[in-house]
Amino acid sequence: QVQLVESGGGLVQAGGSLRLTCAASGGTFSRYIMGWFRQAPGKEREFVAAIRWSAGSTYCADSVKGRFTISRDNAKNTVYLQMNSLKPEDTAVYYCAADRGPSLVIVTTEAEYDYWGQGTRVTVSS
């Protein structure tokens, strides 16, 4: 059974950085696409970034391009979201998700992802 466990959230001042970690277990992740989504208070969950585990190709939402970087460590079955130059509008609960595929392209639709973590809260103060 696939399990995704996020960590690394917290409180940070605007302009600061955080690195989120998603520890994955119970699956053959080389075929998966791993994504990060976020949900701000009172808003719908939205796509942030994703990575194709095998090829390492990535895609980020326009709102975070140039500030956030997604990466993975094959040996540790772990996906990271490095968040720099954080803004108050980045405040949200961040979720790790897995698309078991087969997917030819990275998808940004929440419904395409099969497994979800419990979320980690990020608060950016102004």
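- Counting all heavy atoms, side chain and backbone alike, Ser85 lies closest to Arg67 at O-NH1, 3.0 Å.
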Carefully, step by step, assess Lys65 and Asp62 under the rule salt bridge (Lys or Arg N to Asp or Glu O under 4.0 Å).
CA-CA 5 Å; Lys65 275 182 183 175; Asp62 288 343; 3.2 Å; yes
Stepwise side-chain contact (heavy atoms from CB on, under 4.5 Å) check, Thr69 with Tyr80
CA-CA 8 Å; Thr69 303; Tyr80 303 100; over 6 Å; no
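- Listed here is the closest heavy atom pair of Arg45 and Glu110: NH2-OE2, 2.7 Å.
- One hydrophobic cluster, built from ILVMFWY side chains closer than 4.5 Å, holds both Val48 and Leu4.
- Distance alone, capped at 3.5 Å, places no donor-acceptor pair between the Glu6 side chain and the Thr120 backbone.
- Note on Leu20 and Val64: same hydrophobic cluster, where clusters join Ile, Leu, Val, Met, Phe, Trp and Tyr whose side-chain heavy atoms are under 4.5 Å apart, directly or indirectly.
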Take Trp36 and Cys96, measure what side-chain contact (heavy atoms from CB on, under 4.5 Å) needs, and give me the verdict at the end.
CA-CA 5 Å; Trp36 286 97; Cys96 179; 4.1 Å; yes
Begin with the C-alpha distance, continue with both residues' side-chain angles, and end with the deciding distance and a verdict on ring pair (Phe, Tyr, Trp, His ring centres under 6.0 Å) for Phe29 and Trp53.
CA-CA 7 Å; Phe29 296 102; Trp53 199 295; 5.5 Å; yes
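- Cluster membership check: Phe68 shares its hydrophobic cluster with Ile70, using side-chain heavy-atom separations under 4.5 Å among Ile, Leu, Val, Met, Phe, Trp and Tyr.
- The hydrophobic clustering, which links ILVMFWY residues whose side-chain heavy atoms are closer than 4.5 Å, places Phe37 and Tyr59 together.
- Listed for the Thr78 side chain is a donor-acceptor partner under 3.5 Å among the backbone atoms of Lys76.
- Put simply, the side chain of Thr91 gets close to the backbone of Val124: a donor and an acceptor are under 3.5 Å apart.
- Atom CZ in Arg52 sits 11.5 Å away from atom OG1 in Thr58 (nearest 0.5 Å).
- If you chain together hydrophobic residues whose side chains sit under 4.5 Å apart, Leu81 and Val12 fall into the same group.
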Any chance you could lay out the side-chain contact (heavy atoms from CB on, under 4.5 Å) test for Tyr32 and Arg72, step after step, and finish with the verdict?
CA-CA 12 Å; Tyr32 284 31; Arg72 88 273 190 248; over 6 Å; no
Worked check of side-chain contact (heavy atoms from CB on, under 4.5 Å) between Val122 and Arg38
CA-CA 9 Å; Val122 172; Arg38 67 185 181 185; over 6 Å; no
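- Between the side chain of Tyr115 and the backbone N or O of Gln1, no donor-acceptor pair lies under 3.5 Å.
- Here the closest non-hydrogen pair linking Ser126 and Pro88 is CB-CG, 3.9 Å.
- Of all the heavy atoms in Ile106 and Ser57, the pair that sits closest is CD1-O, 3.6 Å.
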